[in-house]
There are 2 protein chains.
Amino acid sequence: MIPTDLIKGSIKTIVLKLLKEEGPMHGYAITRKVEELTEGKIKLTYGALYPILHKLEKDGSLVTASENFNNRIRIYYALTPKGHTVVADKIKELNEFIESLQRIVDTKPGLSHA
Amino acid sequence: MIPTDLIKGSIKTIVLKLLKEEGPMHGYAITRKVEELTEGKIKLTYGALYPILHKLEKDGSLVTASENFNNRIRIYYALTPKGHTVVADKIKELNEFIESLQRIVDTKPGLSHA
DNA sequence: ATATAATATATAAGTTGGTTGTATATTGCA
DNA sequence: TGCAATATACAACCAACTTATATATTATAT
């Protein structure tokens, strides 16, 4: 399990990216998918996930549609056109972040003080 | 510039990793090096950096040595044996994190709902 | 002369993005 | 009968930052 502090800031981007690739999803399915993709290394908590989804809905990045499945309410979240713009930006940011981290972890013992 | 929320949790690991590869460094030099390695995409703030360094010193991961350079105090931070253990763990975590993020951003449109 | 940028460290106050705990409700399995 | 899985929601709390501020020297530009 990757510690929560490391993951914190990227949850929103992860959620948006999944909705982009998988199409409309409900909250529970999002947590399952993240666990599946990361082999259990990233687990979203509902206390983090739902506030993020609600916020994205409020700001117009997502729209919701309720569905009844086996007497359980499922609320599907789908990207709006605005959401598609937002996710594109966020993924770009995340890629730059990943690249920067890699440059740092790939740094080999400095010749600078050899 | 990568937004701060994304970087937040990884600052401690970045600092430790630099000290591992570059040897003892002072705070200001750490911020320079991070900017250099990431081509200005990651900039550490002193309000974040110094508290982290002080904390790592307190917990025995770092030791300090003061030096006078051009009438400016420089405080060099160096990894202790404990610090070397800590940084190894942190880098492992960071690599898992990077790998997980890549799996998510590399996800292509799902065949799952084709 | 004078101001500004770069060098160098430090800390208090405030924000935010989460965690943890709790509540509710159905289905399926042991 | 009870536990695990499915499904959403929110209030209280906390840690890790940002922002602002303070201090002090050296180098560069006007």
Side-chain angles (χ1 to χ4, degrees), chain A residues 1-16 18 24-36 40 42-59 62 64-78 90 93-94 97, chain B residues 1-16 18-19 24-36 40 42-59 61-62 64-78 90 93-94 97:
Chain A
M1 265 285 278
I2 297 163
T4 166
D5 291 341
L6 229 43
I7 301 160
K8 272 194 176 190
S10 28
I11 297 182
K12 193 189 282 186
T13 306
I14 290 171
V15 169
L16 287 166
L18 283 188
M25 298 178 88
H26 55 100
Y28 186 74
I30 291 171
T31 66
R32 300 282 92 173
K33 191 70 187 175
V34 170
E35 271 193 61
E36 183 200 320
I42 295 180
K43 292 184 189 185
L44 303 188
T45 61
Y46 302 115
L49 178 62
Y50 286 111
I52 283 173
L53 289 171
H54 299 335
K55 206 180 163 193
L56 287 170
E57 191 190 358
K58 232 175 230 168
D59 81 23
L62 302 179
T64 59
S66 291
E67 191 184 277
N68 213 294
F69 181 80
N70 271 18
N71 271 336
R72 284 194 201 93
I73 296 165
R74 278 182 173 175
I75 302 174
Y76 281 84
Y77 294 86
K90 289 274 173 193
E93 275 175 11
L94 193 61
F97 177 50
Chain B
M1 266 284 278
I2 296 164
T4 164
D5 291 341
L6 229 43
I7 300 159
K8 271 194 177 188
S10 27
I11 297 181
K12 194 189 282 185
T13 305
I14 290 171
V15 169
L16 287 166
L18 283 189
L19 292 175
M25 299 177 88
H26 56 101
Y28 186 73
I30 292 171
T31 67
R32 299 282 93 173
K33 191 70 187 176
V34 170
E35 271 193 62
E36 182 200 320
I42 294 181
K43 291 183 188 182
L44 302 187
T45 61
Y46 302 115
L49 178 62
Y50 287 111
I52 283 173
L53 289 172
H54 300 335
K55 205 182 162 191
L56 286 170
E57 191 190 359
K58 231 175 231 168
D59 82 22
S61 296
L62 301 179
T64 59
S66 290
E67 191 183 279
N68 213 294
F69 181 79
N70 270 18
N71 271 336
R72 284 195 199 91
I73 296 165
R74 278 183 173 175
I75 302 173
Y76 280 84
Y77 294 86
K90 289 274 174 195
E93 273 175 11
L94 193 62
F97 178 49

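Below 30°, between 30° and 60°, or above 60°: for A:F97 and B:F97 the angle between ring planes is above 60°, a perpendicular geometry. Classified by interplanar angle (parallel below 30°, tilted 30° to 60°, perpendicular above 60°), the ring pair B:Y76/B:H26 is perpendicular.
At distances below 3.5 Å, at least one donor-acceptor pair connects side-chain atoms of B:D59 with backbone N or O atoms of B:S61.
Side-chain proximity of B:N70 to D:dT26, D:dA16, C:dT19: nearest is D:dT26. Residue B:A48 has its side chain nearest to D:dC17 when only C:dT11, C:dA8, D:dC17 are considered. Proximity note for B:R72 (side chain, C-beta onward) versus C:dT11, C:dT26, D:dT26: the nearest is D:dT26. When distances run from any side-chain atom of B:K55 to the nucleotides D:dA9, C:dT11, D:dA16, the shortest one goes to D:dA16. Of the candidates D:dA9, C:dT9, D:dA7, the closest approach to any side-chain atom of A:Y77 belongs to D:dA9. Candidate nucleotides D:dA9, C:dT16, C:dA10 were compared by shortest atom distance to the side chain of B:K8, and C:dT16 ranks first.
Regarding contacts with the backbone of C:dT19, a side-chain N or O of A:T45 is found under 4.0 angstrom from either OP1 or OP2. Between B:N71 and D:dT26 there is a side-chain polar atom (N or O) within less than 4.0 angstrom of OP1 or OP2. Within the structure, a side-chain polar atom (N or O) of A:Y50 is placed less than 4.0 Å from OP1 or OP2 of D:dT8.
Here the C1' atom of nucleotide D:dT25 and the CZ atom of B:R74 are 13 Å apart, to the nearest Å. Atom CD1 of B:I2 is separated from atom P of D:dT18 by 13 Å (rounded to the nearest Å). Here D:dA16 presents its P atom at 15 Å from CG of B:L49, a figure rounded to the nearest Å. One interatomic measurement links the two molecules: CG of B:N68 to P of C:dA8, which rounds to 11 Å at whole-angstrom precision. In this entry the distance linking CD1 of A:I73 with C1' of C:dA23 reads 14 Å, nearest Å. Distance, B:L6 CG to C:dG17 P: 12 Å, rounded to whole Å. Atoms CD (A:E67) and P (D:dA7) sit 10 Å apart, rounded to a whole Å. Between A:H54 atom NE2 and D:dT8 atom P there is a gap of 10 Å when expressed in whole angstrom units.
As judged by a 4.0 angstrom heavy-atom cut-off over every strand, B:F69 is placed among residues touching the sugar-phosphate backbone only. Contact annotation for B:I52: backbone-only contact, meaning every heavy-atom pair under 4.0 Å involves sugar-phosphate atoms and none involves a base. Within the nucleic acid shown, A:G27 comes within 4.0 Å of sugar-phosphate atoms alone, with no base atom in reach, counting heavy atoms only.
Summarising the geometry of B:I75 relative to B:S66, their closest heavy-atom pair is CG1-OG, 4.0 Å, with the distance given to 0.1 Å.
Here the CG-CG distance, from B:L6 to A:L94, works out to 5.5 Å after rounding to the nearest 0.5 Å. In this structure, B:L44 CG and B:T4 OG1 are separated by 10.0 Å, a value rounded to the nearest 0.5 Å.
Each of B:P51 and B:D5 has a nearest nucleotide on DNA chain C; the 5'-most of these lies closest to B:P51.
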